[in-house]
> 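Structure in structure tokens, see below.
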Amino acid sequence: MKINNSIGCTVEECKYHAKNQDYCSLDKIQVTKNAAQARNQKETDCHSFESELR
């Protein structure tokens with residue numbers, strides 16, 4: 001699996017997590033907001049997340 005050193009990630013349940021290091025394997029991610037106006041980290045989400053858990 002390739003590692004994108006520009007995207008750090010600690011969400012090991014994501015199928016794009018680089019497994020042996022805390023990075024994402026995608027070329028880019030999509031970050032979205034989950035509130036009308038995002039004012040802090042909790043009001044944003046990585047929309048590229050896909051669960052590895054089945």
Side-chain angles (χ1 to χ4, degrees):
M1 175 177 287
K2 66 179 181 158
I3 293 174
N4 184 336
N5 291 318
S6 296
I7 306 173
C9 179
T10 59
V11 182
E12 295 176 2
E13 298 83 5
C14 183
K15 76 180 204 176
Y16 301 115
H17 186 267
K19 307 308 175 226
N20 59 342
Q21 295 184 38
D22 285 340
Y23 290 101
C24 184
S25 65
L26 291 173
D27 291 330
K28 70 174 192 168
I29 62 169
Q30 183 67 37
V31 177
T32 59
K33 59 185 177 179
N34 58 36
Q37 291 184 325
R39 296 187 173 144
N40 58 54
Q41 289 177 339
K42 292 181 181 181
E43 294 176 343
T44 62
D45 294 304
C46 177
H47 199 71
S48 302
F49 171 83
E50 287 187 38
S51 178
E52 183 172 80
L53 306 175
R54 302 272 181 225

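For the numbers below, each heavy atom of this structure counts, side chains included, while hydrogens, waters and symmetry mates do not.
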> Report, one line per pair, each donor and acceptor closer than 3.5 Å where one atom sits in a side chain of residues 15-24; sequence neighbours left out.
from : atom 1 : to  : atom 2 : distance (Å)
K15  : NZ     : E50 : OE1    : 3.2
Y16  : OH     : E50 : OE2    : 2.9
H17  : ND1    : K19 : N      : 3.0
H17  : NE2    : C9  : O      : 3.2
H17  : NE2    : D22 : OD1    : 3.3
K19  : NZ     : C14 : O      : 2.9
K19  : NZ     : H17 : O      : 3.3
K19  : NZ     : E52 : OE2    : 3.3

> Check side-chain contact (heavy atoms from CB on, under 4.5 Å) between T44 and all other residues, then give those that pass, not counting sequence neighbours.
V31, A38
> Measure the CD1-CG distance between I7 and L26 for me, rounded to the nearest 0.5 Å.
6.5 Å
> For E13, check side-chain contact (heavy atoms from CB on, under 4.5 Å) against everything at least two apart and list the hits.
V11, L53
> Would you please test E43 and Q41 for side chain to side chain contact (heavy atoms under 4.5 Å, CB included) and show each step?
CA-CA 5 Å; E43 294 176 343; Q41 289 177 339; over 6 Å; no
> Can you list every salt bridge (Lys or Arg N to Asp or Glu O under 4.0 Å) pair that touches residues 26-35, not counting sequence neighbours?
K2-D27
> Would you please name every residue forming a side chain to side chain donor-acceptor pair (under 3.5 Å) with N34, sequence neighbours left out?
D45
